[in-house]
Amino acid sequence: MDYKKNIDKVLYDRDILAARVVEVGRQIRADYAGKDLVAVTVLKGAFVFAADLIRAIDLPMAVDFAEIISYGEGTEIAEEVVLTKDVAVNVKGRDVLIVEDIVDTGLTTAFLVDHLRIRDPRSIQICALLYKPAMQRVEVPLRYVCFEVGDVFAVGYGLDYAGQYRNLPDIVTLKEIPPEE
Ligand code: 5GP
């Protein structure tokens, strides 16, 4: 089956994404000039976004990665969030910018913020590709947002459905909506 046949609508095409990422990158550059920036990309969903974003931030910076897997999204009970890859760089006294794919309930991001705060960075902020304000359950320091979206399930540009569609250059919705877990 052609996986592209399951695409419903294009939410943000590659040109809109490229333009917005450059805009946000410039904003970050202005805010972080003279600081000690460490960009922490959350795997796997944010890897495509982060690759474009960091190249739009014309500043000295360190880059690192964390991988978080969360279970039980969409339920009212506390979700299980597991850190499967930790950051390796020392963030103490440095300005951490977490690069996220989507802030939905905020639980995954809040978990990473708490985890990194223990290591005493000077600051922690978040840059999210997509933000679903209607879904948010916990407060997180969300400083930069590329796009606010409603209650849709988005794939492409690094975002997956069942491990697929990360390689699509555009952000799209699917005809076949994934079942609630
Ligand atoms: P949160 O902990 O904020 O509820 O969930 C964030 C994570 O859920 C995101 O990093 C992402 O992996 C996943 N997620 C939430 N909404 C979507 C969506 O619309 N599309 C995809 N592909 N993943 C999503």
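Indexing begins at 1, ligand by ligand and atom by atom, following the structure's order.
An N or O contact shorter than 3.5 Å is missing between F153 and ligand 1 by distance. Ligand 1 has no nitrogen or oxygen under 3.5 angstrom from a nitrogen or oxygen of T109.
Under the 4.0 angstrom criterion for non-hydrogen atoms, A154 is in contact with ligand 1. Using 4.0 Å as the threshold, G106 has a heavy atom nearer than that to some atom of ligand 1.
Pairs engaging residues 37-51 under the side-chain hydrogen bond (donor to acceptor under 3.5 Å, both in side chains) rule: K44-E67 [sequence neighbours left out].
Between atom 7 (C) of ligand 1 and the options I102, L107, D160, L159, the minimum heavy-atom separation is to I102.
Formation of a donor-acceptor pair under 3.5 Å by the T173 side chain with backbone atoms of K9 is found in this model. Listed for the D95 side chain is a donor-acceptor partner under 3.5 Å among the backbone atoms of D36. In terms of modelled atom types and a separation under 3.5 Å, the side chain of R20 and the main chain of V145 share a donor-acceptor contact.
Atom CZ in R137 sits 5.5 Å away from atom OG1 in T105 (nearest 0.5 Å).
Residues Y3 and Y165 bring their aromatic ring centres within 6.0 Å.
Looking at V152 against ligand 1, only its backbone comes within 4.0 Å, counting heavy atoms. Residue-level proximity to ligand 1 for E100 is carried by the side chain, the only part with a heavy atom below 4.0 angstrom. With a heavy-atom cut-off of 4.0 Å, D101 touches ligand 1 through its side chain alone.
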